[in-house]
Protein chains: 2
Amino acid sequence: MLKLSKLTDYAAVIMAQIARDPEQAHTAAELAARVSLPHPTVGKTLKMLSRSGLLESRRGSHGGYVLSRSPAEITASDIIAAIEGPIGMTECSHADGDCELMDTCGVADNWQRVSQAIRTLLDCVTLAHLAQSSPLKLPVQLPIQSVTLPSTTGAVREH
Amino acid sequence: MLKLSKLTDYAAVIMAQIARDPEQAHTAAELAARVSLPHPTVGKTLKMLSRSGLLESRRGSHGGYVLSRSPAEITASDIIAAIEGPIGMTECSHADGDCELMDTCGVADNWQRVSQAIRTLLDCVTLAHLAQSSPLKLPVQLPIQSVTLPSTTGAVREH
DNA sequence: CTATATAGGACCATTTTAGTCCTCTTTGCA
DNA sequence: TGCAAAGAGGACTAAAATGGTCCTATATAG
């Protein structure tokens, strides 16, 4: 499924909420209510986002969370990485992994390129994009079909 | 991590093996040896690939598996979907999902577009690409930076 | 008829994930 | 100065997904 974990999903929703009202500090309780999710869970998510430097927190009464950068400077990659760690499709895709199948694998290199492409794609999607409702137009949608891939007879196949 | 499951990983490696010698039928035992993975696991993976129509199987002695189409006509999407089901980053990304957060979410639409972009990307990568060792050049790598995104001040951010 | 394959599914162990809770610290304000 | 409102950190548990094995049935070649 190549799916995000639930927490990552929550994180995106929460970040978008904050992004829509970036001036004020938001408490976990407030966000939990807005997003209809249990307080402890939202709290946990916020802590993770904060630890990764995507949010700044202020403790004590009148505390809460604020974005640490503008929504246009926070990417989908950032959010995903904050919750799930480095983005990569395979074990070996974030270096120094000691996959014992290296020899027999024969696929690693190209998987890594695919991983890289996905990362690049996610780097292009900002929180500002996610938060707004207007359609986000991604570069891969049409142009990709016309790009020349390294020839392997037939190559691109349309769906 | 946005990671493939181990089985999907195996599937890719196994498919690549077969693709490199597409004329012959390959048995689970043979492939297991080539790929240094336990026979039962390889068997299970092959069954899944076969059930999804990516491989044809022949039973009985001298049986085994063959690709059901040419390597250029089998995509990374196909392989992933065979093992993990439909590709999508979020619950709601493959329609009819009844996510109760629909209202409060406000992010769904754009996530779906991102999912779609990834799908498209994976549709462009064929088994032929994966199996060969020469570098696969994907369209998103450089061009994306120069593409105009729907304006949200600043938009693309480089890493 | 027998040896060699796959088909299908049951089953279990392990890991990952989600979610909760408790205690400690910081901060604003009466 | 003391209290209430917040976050920080981490321990813990329950549930689900994953990986892996095994068993029985079926097909096929010789």
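To find a chain, count down the sequence lines: A is the first, B the second, and so on, and within it residues start at 1. Below, each value reflects all heavy atoms present in this structure, side chains not excepted, and no hydrogens, waters or symmetry copies. Remember, predicted model here, so these are calculated numbers, not experimental data.
Less than 4.0 Å separates DNA chain C from at least one heavy atom of each of the following residues of residues 41-51 of chain B: B:K47, B:S50, B:R51. Within residues 25-32 of chain A, no residue is approached by DNA chain C to less than 4.0 Å at the level of any non-hydrogen atom.
Look at CD1 on B:I83: it is 13 Å from P on D:dG20, rounded to the nearest Å. Atom-to-atom, NZ of B:K3 to P of D:dT18 comes out at 11 Å; the value is rounded to the nearest Å. For the pair B:L37 CG and D:dT18 P, the computed distance is 18 Å after rounding to whole Å. Distance B:I14 CD1 to D:dG20 P: 11 Å, rounded to the nearest Å. Distance, A:I18 CD1 to D:dG7 P: 10 Å, rounded to whole Å.
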- [ ] Take A:T45 and A:L37, measure what side-chain contact (heavy atoms from CB on, under 4.5 Å) needs, and give me the verdict at the end.
- [x] CA-CA 11 Å; A:T45 308; A:L37 248 27; over 6 Å; no
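With hydrogens and angles ignored, the 3.5 Å screen pairs no side-chain donor or acceptor of B:T8 with any backbone N or O of B:I83. Between the side chain of B:H26 and the main chain of B:D21, a donor-acceptor pair closer than 3.5 Å is present. Between the side chain of B:S52 and the backbone N or O of B:L54 there is no donor-acceptor pair closer than 3.5 Å. Put simply, the side chain of A:S115 gets close to the backbone of A:M89: a donor and an acceptor are under 3.5 Å apart. Side-chain atoms of A:N110 come within 3.5 Å of backbone N or O of B:H129 as a donor-acceptor pair. Within the 3.5 Å criterion, the main-chain N or O of B:L4 finds no donor-acceptor partner in the side chain of B:E84. Between the side chain of B:R119 and the backbone N or O of B:S77 there is no donor-acceptor pair closer than 3.5 Å. Judged by distance alone, with hydrogens and angles left aside, the side-chain atoms of B:R58 form a donor-acceptor pair with the main-chain N or O of B:H62 at under 3.5 Å.
Running 5' to 3' along DNA chain C, contacts with non-hydrogen atoms of chain A at under 4.0 Å begin and end at C:dA18 to C:dC29.
Listed by chain and number, the residues in a salt bridge (charged side-chain N to carboxylate O under 4.0 Å, His left out) with A:E30 are A:R34 (sequence neighbours excluded). With sequence neighbours left out, B:S36 forms a side-chain hydrogen bond (donor to acceptor under 3.5 Å, both in side chains) with no residue at all.
Heavy-atom nearest nucleotides on DNA chain C were determined for B:R58 and for A:L4, and the one closer to the 5' end corresponds to B:R58. For A:G60 and A:P40, each mapped to the nucleotide of DNA chain C holding its nearest heavy atom, the one lying further toward the 5' end belongs to A:P40.
A donor-acceptor contact closer than 3.5 angstrom is absent between the side chains of A:R113 and A:Q116. In summary, the side chains of A:T75 and A:D78 do present a donor paired with an acceptor at a separation below 3.5 Å, with no hydrogens or angles considered.
For DNA chain C, runs of at least 3 consecutive pairs of the Watson-Crick or G-U wobble type, with both hydrogen-bonding distances under 3.5 angstrom, map to C:1-30 with D:1-30.
In terms of phosphate contacts, B:S5 brings a side-chain nitrogen or oxygen within less than 4.0 Å of OP1 or OP2 of D:dG19.
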